[in-house]
Amino acid sequence: MSFPVHRPRRLRRTEKLRSLVRENRLSTAGLVYPMFVCPGTKVRHEVSSMPGIYQQSADQIVEECREVESLGIPAVILFGLPESKDPEGKSSLAADGVVQRAIEGIKKAKLDLLVVTDVCLCEYTDHGHCGVLENGEVMNDATLEILSEQALSHARAGADIVAPSDMMDGRVGAIRTKLDNHKFENVTIMAYSAKYCSGFYGPFREAAQSAPQFGDRRGYQMDSANAREALKEVALDLEEGADIVMVKPALPYLDIIRMVRDRFDVPVAAYNVSGEYSMVKAAARNNWIDEKRVVLEILTGIQRAGAGIVLTYHAKDVARWLKS
Ligand code: PBG
């Protein structure tokens with residue numbers, strides 16, 4: 001029996017009814033806000049391609065974190081813009097490095113925030129690749145030691161979660177072993193497991209000053225045409241000890257988020273990346289779209305696809321909109 005007995009519109013008549021039967025309720029509880037830490041004090045420089053997002057010194061990061069906490073956002077993820085770069089990204093290991101100082105500042109301020117750190121070399125190497133080079137090629141195994149040292153130094157500074165984004169094989173296992181050997185068995189690993197080689201990272205590379213100086217990242221990040229391979233990457237990261245797995249970017253890969261959600265019983269995160277943010281901001285500035293409506297629709301879509309955790313530059317706006 002169908003129409004006229006069944007009338008799906010019956011449940012859409014009023015906001016009360018629609019809200020009663022709503023399948024997904026967007027909440028601030030799953031949001032992670034990305035932030036860029038630079039050297040100095042009192043520095044706050046807006047990223048031109050990402051309106052509302054700043055490169056900031058550690059003291060300013062702490063100030064914005066107070067606001068993030070008060071909005072009920074549970075976590076921030078930190079990216080570092082170091083004082084100096086070298087072929088091996090050694091400055092990423094310094095106990096007084098930009099990210100380490102920002103973590104300490106946030107913890108000292110006793111903010112009720114989870115501090116996540118991006119673990120990668122691209123922001124710290126002079127060539128901009130995510131690993132160390134030999135004859136112009138990114139060397140996998142030689143990169144693992146420095147990545148795990150970086151994760152360890154973040155843990156020592158007080159990071160709650162480390163998030164390797166380099167896409168080297170075996171990095172999750174190497175980081176887990178290193179952390180455990182130094183009694184950081186409670187530091188969580190959120191792995192960028194299915195990280196695609198994407199044009200949507202463009203604005204981030206301005207924000208983090210991490211564009212590769214030659215070539216591209218196709219030799220380590222995933223080919224956008226592949227889906228089954230994402231499941232393999234996730235399975236390997238879980239075997240190596242990942243606690244949370246991530247799909248990145250989000251919007252062109254909603255199918256991957258859904259596949260990972262259905263296949264694995266672990267928390268799934270998605271990264272709503274810089275280019276996805278910048279497109280919305282640019283269109284909204286031209287009054288071509290209604291920013292609030294579009295952002296809430298995008299984040300609901302990412303959640304509906306299966307991501308319980310969403311890393312997004314829209315986090316503060318969303319938290320405000322959901323409050324009011
Ligand atoms: C570092 C890293 C990148 C992003 C997160 N971690 C850039 C890249 O791989 O080039 C992208 C985040 C964004 O675009 O918002 N490897």
Side-chain angles (χ1 to χ4, degrees), residues 31-37 47-55 75-82 85 89 92 98-99 116-125 127-132 138 140 143-144 146-147 150-151 154 159 161-169 171-172 175 189-224 233 244-253 269-282 295 298-299 302 307 309-315:
L31 301 180
V32 181
Y33 183 59
M35 306 181 85
F36 300 95
V37 196
V47 179
S48 65
S49 55
M50 300 178 72
I53 300 298
Y54 297 81
Q55 298 167 336
V76 295
I77 178 165
L78 303 177
F79 297 91
L81 287 79
K85 303 195 187 214
S92 70
V98 279
V99 167
V116 187
T117 58
D118 185 83
V119 174
C120 195
L121 295 190
C122 64
E123 299 129 63
Y124 304 93
T125 50
H127 46 76
H129 278 286
C130 302
V132 296
V138 176
N140 192 87
T143 303
L144 300 183
I146 180 154
L147 281 173
Q150 186 185 131
H154 293 168
I161 302 178
V162 292
S165 70
D166 52 284
M167 287 301 276
M168 297 302 121
D169 296 328
R171 89 272 207 220
V172 172
I175 291 171
I189 298 179
M190 174 165 73
Y192 288 72
S193 300
K195 178 173 178 180
Y196 286 88
C197 190
S198 170
F200 288 94
Y201 305 150
F204 173 94
R205 292 182 187 168
E206 181 204 335
Q209 298 170 354
S210 66
Q213 298 305 301
F214 67 90
D216 52 42
R217 305 209 199 291
R218 287 176 208 278
Y220 39 105
Q221 299 181 344
M222 283 183 56
D223 187 311
S224 62
E233 284 283 6
I244 301 170
V245 295
M246 194 202 296
V247 175
K248 177 186 172 191
L251 289 182
Y253 303 94
Y271 201 141
N272 176 219
V273 301
S274 57
E276 301 177 275
Y277 174 84
S278 299
M279 288 196 303
V280 170
K281 283 288 180 185
V295 169
I298 286 173
L299 292 190
I302 295 170
I309 302 168
V310 184
L311 293 79
T312 179
Y313 303 95
H314 298 292

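Values below: all heavy atoms of this structure, side chains included; hydrogens, waters and symmetry mates excluded. For ligands, and for the atoms within them, numbers begin at 1 and follow the listed sequence.
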Which residue holds the protein heavy atom closest to atom 5 (C) of ligand 1, what is that atom called, and what is the gap in Å?
K248 NZ, 2.5 Å
Gap between atom OG of S165 and atom CZ of R171 - 0.5 Å precision
7.5 Å
Please identify which of these residues, M167, M222, R218, meets the side chain to side chain contact (heavy atoms under 4.5 Å, CB included) condition with C197.
R218
Heavy-atom count check: over 12 atoms from other residues, nucleotides or ligands less than 6.0 Å from F36 CZ?
yes
Closest protein heavy atom (residue, atom, distance) for atom 9 (O) of ligand 1
K195 NZ, 2.6 Å
Between V99 and Y124, is any pair of side-chain heavy atoms under 4.5 Å apart?
yes
Which of the numbered atoms in ligand 1 are below 4.0 angstrom from a heavy atom of Y271?
12 (C), 15 (O)
4.0 Å heavy-atom contact, Q221 with ligand 1:
yes
Is the closest N or O pair between Y313 and ligand 1 shorter than 3.5 Å?
yes
Those atoms of ligand 1 less than 4.0 Å from some heavy atom in C122
1 (C), 16 (N)
Ignoring hydrogens and angles, state whether a donor on the side chain of S92 or E123 is under 3.5 Å from an acceptor on the partner side chain.
no
among protein heavy atoms, the one nearest atom 12 (C) of ligand 1 is F204 CD1, 3.3 Å
Looking at F79, which atoms of ligand 1 are within less than 4.0 Å of one of its heavy atoms?
5 (C), 6 (N)
Do K248 and Y201 meet the cation-pi criteria used here (NZ or CZ under 6.0 Å from the six-membered ring centre, within 45° of the axis)?
yes
Answer whether the closest heavy-atom distance between the side chains of E276 and Y271 falls below 4.5 Å.
no
Show which atoms of ligand 1 fall inside a sub-4.0 Å distance from at least one heavy-atom site of R217.
8 (C), 9 (O), 10 (O)
Closest approach of any protein heavy atom to atom 14 (O) of ligand 1, naming residue and atom:
S274 OG, 2.7 Å
Which of the ligand 1 atoms, numbered from 1, are nearer than 4.0 Å to a heavy atom of S165:
1 (C), 2 (C), 6 (N), 16 (N)
Which is it for Y277 and ligand 1 at heavy atoms under 4.0 Å: side chain, backbone, both or neither?
neither
With backbone taken as N, CA, C and O and side chain as the heavy atoms from C-beta onward, which portion of D166 lies under 4.0 Å from ligand 1: side chain, backbone, both, or neither?
neither
I need the atoms of ligand 1 closer than 4.0 Å to a non-hydrogen atom of Y201, numbered in the order shown.
8 (C), 9 (O), 10 (O), 11 (C), 14 (O)
To the nearest 0.5 angstrom, please state how far the CD1 atom of I77 sits from the OG1 atom of T312.
12.5 Å
Of the options V116, L78, T117, which is the one that meets H154 in a side chain to side chain contact (heavy atoms under 4.5 Å, CB included)?
T117
Run the numbers on V280 and H314 for side-chain contact (heavy atoms from CB on, under 4.5 Å), then give the verdict.
CA-CA 10 Å; V280 170; H314 298 292; 4.0 Å; yes
S210, any N or O under 3.5 Å of ligand 1 N or O
no
